[in-house]
Number of protein chains: 2
Amino acid sequence: MTTTEEPSARRGTRIRDAARTKAEILAVATEEFARAGYTGARVDEIAARMRTTKRMIYYYFGGKEQLFTAVLEHSYAEIRSKEQDLDVEHLDPVAAIRRLAELTFDHHEAHPDFIRLVSIENIHEAEHIAASQTLGSLNSPAIDVLRRILDAGRAQGAFSADVDAVDLHAMISSFCFFRVSNRHTFGALFGRDLTAASERERYRRMLGDMVIAYLTAPRHADQGPLTPDH
Amino acid sequence: MTTTEEPSARRGTRIRDAARTKAEILAVATEEFARAGYTGARVDEIAARMRTTKRMIYYYFGGKEQLFTAVLEHSYAEIRSKEQDLDVEHLDPVAAIRRLAELTFDHHEAHPDFIRLVSIENIHEAEHIAASQTLGSLNSPAIDVLRRILDAGRAQGAFSADVDAVDLHAMISSFCFFRVSNRHTFGALFGRDLTAASERERYRRMLGDMVIAYLTAPRHADQGPLTPDH
DNA sequence: TAGCTAATGTACGAAACGGTTCGTTAGTAA
DNA sequence: TTACTAACGAACCGTTTCGTACATTAGCTA
């Protein structure tokens with residue numbers, strides 16, 4: 001039993017490392033909050049799964065509430081930095097939109113814990129985002145990219161007019177988000193696993209087809225009364 | 001102070017009413033679970049807001065877990081009974097689809113508590129639906145209606161082929177669900193209230209346009225390689 | 001090398017929480 | 001009218017849970 005269980009646990013290496021401790025708390029807390037929700041998450045459980053004690057959570061973050069806010073900030077920062085890397089403006093508008101939608105699709109699928117955290121934050125009516133200074137009026141790079149692609153598409157007559165970037169982002173996000181967030185109830189009720197590997201390509205293509213169809217469909221300038229609000 | 005606070009609290013009326021008590025527990029529990037999530041909901045809080053005691057929750061339902069399951073069963077039963085009333089098959093397929101989508105849109109908007117309960121159940125990976133006998137393999141009337149409309153539309157050449165009813169239901173639901181479930185984080189991040197009354201008609205029309213555009217767009221039988229999975 | 005401070009561990013407390021025990025009463029049927 | 005049971009209320013109980021008080025030490029700096 002001479003094996004060291006952790007590289008940093010060897011004698012001679014410094015045991016104190018504020019940055020590492022803080023980072024580990026965040027990582028473990030992210031898992032625990034995503035697993036059990038804000039109220040369901042246990043501070044003692046987070047403490048048990050890290051190499052330091054509960055005391056450190058209060059030392060570095062202040063409390064459960066601020067820890068959750070920090071987890072959200074960290075998670076959002078991660079996705080935003082990936083959105084920064086988007087490089088689709090060299091493509092023609094139709095291909096660029098499809099590519100952007102697929103990137104969102106891929107990202108949501110790859111980060112189910114992030115989806116859960118966002119669902120949880122919505123249950124709490126975004127109160128932690130509201131309390132955060134860094135998350136408050138945060139402009140998403142994705143919206144800017146989207147806006148430019150839409151402008152280009154309209155300029156060359158490929159897209160119908162008056163489609164707003166934020167609205168289109170909502171449309172794309174809703175499909176990608178729902179597929180992950182609601183996969184359990186949807187699966188239980190309709191007997192279909194929206195995130196099954198075998199269905200993946202079909203849904204990915206469906207998303208692109210849907211968005212492109214919406215953008216390129218001839219828009220009825222005035223098509224008379226729609227189905228009335230019943 | 002001779003005013004009776006509750007009609008049923010008058011002398012002479014019977015105080016014992018199992019059905020009423022059970023119904024009130026369910027009603028109050030629905031609010032509390034939707035407000036705070038499963039773990040966040042407090043049994044004592046539910047008890048405090050009803051005209052009976054905590055004891056009755058355990059008497060009628062057994063415990064917190066079974067109470068939540070009962071709340072889910074009751075909520076799903078409500079929406080399903082409304083779906084039964086759908087009467088759109090007399091319309092032409094395009095109008096029928098739009099009408100169906102708008103009904104989903106309206107229902108989601110009118111029942112934010114139900115949306116919250118479903119979000120909460122997804123955080124818990126649909127374990128209560130799985131444990132329920134009535135919710136288990138429940139076939140939704142909406143899917144059947146959708147299937148018939150799609151068949152009719154294909155038969156008369158209005159819709160492109162190979163669009164599955166369950167998939168289309170997922171598409172419609174995702175937009176309607178996301179708009180309600182994620183309105184808080186979306187509003188905080190992008191500064192737009194998806195459920196603002198002033199935006200309502202626009203989103204309602206956008207949903208219909210999106211679905212119809214997808215269904216009627218010329219489907220590329222083979223359009224070559226799509227954007228690859230990066 | 002002495003001393004200072006950031007960083008960490010231990011142990012515990014008070015309140016909240018889900019659930020239960022025990023007794024009581026309204027309504028009803030014989 | 002009595003006796004029985006479904007329906008109900010009050011008080012409580014053990015555990016969990018967030019948070020803190022207090023002690024300790026690693027590592028840097030004068």
Side-chain angles (χ1 to χ4, degrees), chain A residues 4-29 31-33 35-71 120 124 127-128 131, chain B residues 5-29 32-33 35-71 120 124 127-128 131:
Chain A
T4 54
E5 305 190 355
E6 290 292 338
S8 65
R10 297 185 314 244
R11 297 174 186 280
T13 47
R14 58 179 176 180
I15 297 173
R16 304 194 165 185
D17 187 338
R20 205 208 62 87
T21 300
K22 219 174 154 179
E24 187 178 13
I25 293 174
L26 262 184
V28 176
E31 274 181 40
E32 173 68 1
F33 280 123
R35 181 188 69 82
Y38 174 74
T39 324
R42 296 295 164 232
V43 175
D44 283 310
E45 179 64 25
I46 296 171
R49 295 216 287 249
M50 54 194 200
R51 290 197 291 270
T52 180
T53 64
K54 183 169 54 161
R55 174 74 180 75
M56 290 298 96
I57 292 173
Y58 293 91
Y59 185 70
Y60 284 118
F61 295 95
K64 189 182 183 183
E65 199 98 18
Q66 295 102 304
L67 177 58
F68 184 70
T69 302
V71 163
I120 289 160
H124 295 277
E127 65 183 54
H128 304 95
Chain B
E5 307 190 353
E6 290 292 338
S8 65
R10 296 185 314 245
R11 296 175 187 281
T13 46
R14 59 178 174 180
I15 295 173
R16 305 196 163 187
D17 187 338
R20 204 207 63 88
T21 299
K22 219 175 154 178
E24 186 178 14
I25 293 174
L26 261 185
V28 175
E32 173 68 0
F33 281 122
R35 181 187 69 80
Y38 174 73
T39 324
R42 298 294 163 231
V43 174
D44 284 311
E45 181 63 25
I46 295 170
R49 294 217 285 250
M50 54 193 200
R51 290 198 290 270
T52 179
T53 63
K54 184 168 55 158
R55 174 74 179 76
M56 290 298 97
I57 291 173
Y58 293 89
Y59 184 70
Y60 285 118
F61 295 94
K64 189 183 182 183
E65 200 100 15
Q66 296 100 305
L67 177 58
F68 183 71
T69 302
V71 163
I120 290 160
H124 295 277
E127 65 183 55
H128 304 95

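Between B:Ile25 atom CD1 and D:dA7 atom C1' the separation is 11 Å, expressed in whole Å. Straight-line distance from the CE atom of B:Met50 to the P atom of D:dA7: 15 Å, rounded to whole Å. Taking atom CZ on A:Phe33 and atom C1' on D:dC18, their separation rounds to 12 Å, with Å as the unit. Atom-to-atom, CD of B:Glu24 to C1' of D:dG9 comes out at 15 Å; the value is rounded to the nearest Å. For the pair A:Tyr59 OH and C:dT5 P, the interatomic distance rounds to 12 Å; values are reported in whole Å. Nucleotide D:dT20 holds its C1' atom 14 Å from the CD1 atom of A:Ile57, rounded to whole Å. Taking atom CZ of residue B:Phe61 and atom P of nucleotide C:dT20, one finds them 16 Å apart after rounding to whole Å. Between the CZ atom of B:Arg16 and the P atom of D:dA7 there is a distance of 9 Å, given to the nearest Å.
In summary, A:Arg35 and A:Glu31 do not engage in a salt bridge, as defined by a charged side-chain N under 4.0 Å from a carboxylate O. In summary, A:Glu32 and A:Arg42 do not engage in a salt bridge, as defined by a charged side-chain N under 4.0 Å from a carboxylate O.
The nearest pair of heavy atoms linking A:Ile46 to A:Phe33 is CD1-CE1, 4.4 Å.
Residue A:Thr52 forms a side-chain contact (heavy atoms from CB on, under 4.5 Å) with just one option from A:Thr21, A:Ile57, A:Val28, and that option is A:Thr21.
Take A:Arg55 and apply the salt bridge (Lys or Arg N to Asp or Glu O under 4.0 Å) test, not counting sequence neighbours, and it matches no residue. Among residues two or more places apart in sequence or in another chain, the side-chain hydrogen bond (donor to acceptor under 3.5 Å, both in side chains) test is passed with A:Glu24 by A:Arg20. In this structure, the side-chain contact (heavy atoms from CB on, under 4.5 Å) partners of A:Glu127, at least two apart in sequence or on a different chain, are A:Glu65, A:His124. Shown here are the side-chain contact (heavy atoms from CB on, under 4.5 Å) partners of B:Phe61, two or more places apart in sequence or in another chain: B:Lys22, B:Ile25, B:Leu26, B:Leu67, B:Ala70.
Take the nearest nucleotide of DNA chain D for B:Lys22 and for A:Gly62: the residue whose nucleotide is more 5' is B:Lys22.
Between D:dA7 and B:Thr52, no contact under 4.0 Å exists linking OP1 or OP2 to a side-chain N or O. Side-chain nitrogen and oxygen atoms of A:Tyr60 include at least one within less than 4.0 Å of the OP1 or OP2 phosphate oxygen of C:dT8.
Note on the helix from C:dT1-D:dA30 to C:dA30-D:dT1: terminal axis deviation equals 0°, with five pairs used at each end and the result rounded to 10°.
When the nucleotides D:dG9, C:dA26, C:dT8 are ranked by their closest atom to the side chain of B:Met56, D:dG9 comes out on top.
With B:Lys64 contributing its side chain and B:Tyr38 its backbone, the two residues share a donor-acceptor pair below 3.5 Å.
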>> One character per nucleotide, please: for nucleotides 10-18 of chain C, 5' to 3', B when the base has a protein heavy atom closer than 4.0 Å, S when only the sugar-phosphate does, - otherwise.
In response: B------SB

